[in-house]
Amino acid sequence: MSTEIALDKNRIPKHIAVIMDGNGRWAKNQGKFRIFGHQHGVQSVKDITEGAAELGVEYLTLYAFSTENWNRPKIEVNALMTLLVKTIKKETATLMKNQIRLTTIGQIDTLPLDCQEELRQAIETTKNNTRMTLILALSYSAKWDIVNSVKKIAVQCKAGEISIDDINEDLISGSLSTKKIPDPDLMIRTSGEHRISNYLLWEMAYSEFYFTDVLWPDFRKAHLHEAIANYQNRERRFGKTGEQISEVK
Ligand code: IPE
Ligand code: IPE
Ligand code: MG
């Protein structure tokens, strides 16, 4: 596949959310342990992060570990956490070089302590970078985030700080862990699975979805370009008619 796909620089998605899937199958296809796939997936993370920044994407959210992933065999969970710590430690310098700010969404306090500490340091070190924000979804589930948001709003209501009539979409959006992040324009899922697996349910109400059979460890910049080219050929109507959309162009 060529990397020479012509992209409209004025219509680059501002926020891309990715479900990085297929590491286990990639490894299995080669008769290797699942963790081998996760290890190779790190190169894809690097390539796609760099590729997105080069194109002027402002926010890139990567689903790295879901709340449901805690149910995997302990040996795999431990290996994933070790890989996370190692990668953050090693790649903070690359984030600085590329002027990328790191942040997270999810139940970070459920991660192993060394993991939390590595994340804290990397977030602190990269906090003033402005080229792109890389958001890692870790121990994340959209339903958890929504439940949490409802609890926060209920507390405010109970304390008399807000009334029931103050509850609107903005208040809910502002109570989620994604509050400072614009909704994703494009969601990419690799590995041929056609589901969203508890990812950004509220935020993706109007995202464009792109599914590819490519397994995550094989996903490279050229595939990202292909996904964006596909996105650029779509018409985002937000409930309006196609005619209304072409009138404002
Ligand atoms: C995605 O790859 C990585 C994580 C969920 C951490 P998988 O591990 O889900 O790979 P498959 O779906 O089993 O191939
Ligand atoms: C979703 O992938 C979570 C991540 C990519 C981290 P899974 O592979 O765990 O999703 P399901 O459970 O098969 O839907
Ligand atoms: Mg999977």
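Numbering of ligands and ligand atoms starts at 1, following listing order.
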Exercise: identify the closest heavy-atom pair between Ala142 and Leu200: CB-N, 3.5 Å

Looking at every heavy atom in both Tyr140 and Tyr63, which two are closest together, and how far apart are they?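 Nearest pair, atom of Tyr140 first, then Tyr63: O-OH, 3.2 Å.
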
So, do Leu176 and Ile146 sit near enough that their side-chain heavy atoms are less than 4.5 Å apart?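 Result yes, sub-4.5 Å side-chain heavy-atom pair found.
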
Using a 4.0 angstrom limit on heavy atoms, which residues are close to ligand 1?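 Protein residues near ligand 1 are Met20, Asp21, Gly22, Asn23, Gly24, Arg25, Arg34, His38, Ala64, Asn69, Arg72, Leu80.
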
Restricting to N/O/S atoms, is Asp21 within less than 2.8 Å of the Mg ion (ligand 3) or not?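 Yes, since at least one N, O or S atom of Asp21 sits under 2.8 Å from the Mg ion (ligand 3).
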
Angle class for the Trp70/Phe65 ring planes (parallel below 30°, perpendicular above 60°, tilted otherwise)?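 Correct class here is perpendicular.
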
Which ligand 2 atoms, with their elements, are less than 4.0 angstrom from a heavy-atom of Arg195? 11 (P), 13 (O), 14 (O)

Hydrophobic clusters here meaning ILVMFWY residues chained together by side-chain heavy-atom distances under 4.5 Å, can you tell me if Ile228 and Leu60 are in one?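 Yes, it is one cluster - the side chains of Ile228 and Leu60 are joined through contacts under 4.5 Å.
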
Between Asn29 and Arg25, does any side-chain donor sit less than 3.5 Å from a side-chain acceptor? no

Test item: side-chain donor near acceptor, Ser173 and Asp170, under 3.5 Å: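 Their side chains do not contain a donor-acceptor pair, so the 3.5 Å distance test is not met.
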
